Amino acid sequence: MLKFNARIYVTLRPSVLDPAGVAVQSGLKHMGYENVEQVRIGKYVEVTLNAESEEAARQQLDIICDRLLANPVIENYRFELNAVSVPAEAGTKV
């Protein structure tokens, strides 16, 4: 079994209004940052999981994102998947 770490980014689809992003953009303008053209707010999630292979981990993450972490009607998601090296157990010859 392999261990993976996933960094998941969930963002609103470009066609969906982002009131939180508009509020942050407005706040930035009040602070003098007139050059900020747009702000979009999203979510960042880290997941560590065990899987038989990278492909199995990717399939499981797609299901997790579709069913729980993102609302596929209004949000997009993407993730970065990295294998985690597990240190050898004490007393194990390498």
Side-chain angles (χ1 to χ4, degrees):
M1 191 69 78
L2 302 171
K3 182 178 277 192
F4 297 92
N5 180 285
R7 295 177 180 166
I8 302 166
Y9 304 89
V10 180
T11 56
L12 288 170
R13 290 179 181 264
S15 61
V16 176
L17 180 65
D18 183 356
V22 171
V24 169
Q25 182 184 7
S26 176
L28 290 171
K29 282 190 177 181
H30 287 300
M31 294 172 65
Y33 296 101
E34 297 288 336
N35 60 328
V36 177
E37 290 186 14
Q38 184 180 32
V39 176
R40 302 287 286 178
I41 304 291
K43 296 181 278 189
Y44 171 74
V45 181
E46 286 189 359
V47 174
T48 301
L49 69 155
N50 297 312
E52 294 292 329
S53 66
E54 181 176 335
E55 181 59 30
R58 289 186 181 282
Q59 288 177 355
Q60 189 174 17
L61 284 167
D62 271 331
I63 293 169
I64 289 170
C65 290
D66 272 341
R67 291 185 179 172
L68 180 66
L69 299 179
N71 177 346
V73 175
I74 62 169
E75 294 175 320
N76 292 324
Y77 69 85
R78 65 180 176 84
F79 56 81
E80 300 166 357
L81 186 64
N82 296 302
V84 176
S85 61
V86 179
E89 293 182 29
T92 303
K93 293 183 179 181
V94 180

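Quick caveat: nothing in here was measured; it's all calculated off a predicted structure.
The distance from atom CD1 of Ile63 to atom CZ of Arg58, rounded to the nearest 0.5 Å, is 14.5 Å. Here Ile8 contributes atom CD1 and Asn5 contributes atom CG; the two are 9.0 Å apart, rounded to the nearest 0.5 Å. Here the straight-line distance linking atom CZ of Phe4 with atom OG of Ser53 works out to 6.5 Å at 0.5 Å rounding. To the nearest 0.5 Å, atom CZ of residue Arg7 and atom CG of residue Asn82 are 6.0 Å apart. One finds the CG atom of Leu69 at 7.0 Å from the NZ atom of Lys43 (value rounded to the nearest 0.5 Å).
Between Thr48 and Lys3, some side-chain heavy-atom pair lies under the 4.5 Å cut-off.
The side chain to side chain contact (heavy atoms under 4.5 Å, CB included) with Tyr77 is formed by just one residue from the set Ile64, Asp66, Leu61, Val45; it is Asp66. Among Val22, Asp18, Val24, the single residue meeting the side chain to side chain contact (heavy atoms under 4.5 Å, CB included) criterion with Val39 is Val24.
When every heavy atom of Ala70 is checked against every heavy atom of Pro72, the shortest pair comes out as O-CD, 3.2 Å. Closest of all the heavy-atom pairs between Leu12 and Glu75 is CD2-CG, 4.0 Å. When all heavy atoms are compared, the tightest approach of Gln60 to Asn50 is OE1-O, 4.2 Å. Val36 and Gln25 get closest at one heavy-atom pair: O-NE2, 3.3 Å.
With a 6.0 Å radius and a threshold of 12 heavy atoms from other residues, nucleotides or ligands, Tyr44 has its OH atom above the threshold.
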| said: Go through it in stages, so that I can follow the logic: the residues are Arg40 and Thr11, the test is side chain to side chain contact (heavy atoms under 4.5 Å, CB included), and I'd like the CA-CA distance, side-chain angles, deciding distance and then a yes or no. | reply: CA-CA 8 Å; Arg40 302 287 286 178; Thr11 56; over 6 Å; no
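Two different hydrophobic clusters hold Ile74 and Leu17 under the rule that ILVMFWY side chains link at heavy-atom gaps under 4.5 Å. Hydrophobic clustering of Ile, Leu, Val, Met, Phe, Trp and Tyr side chains at less than 4.5 Å, counting indirect connections, keeps Leu49 apart from Met1. Tracing side-chain contacts under 4.5 Å through hydrophobic residues (I, L, V, M, F, W, Y), one reaches Phe79 starting from Val47; they form part of the same cluster. The same ILVMFWY cluster, assembled from side-chain heavy atoms under 4.5 Å apart, contains both Met31 and Ile41.
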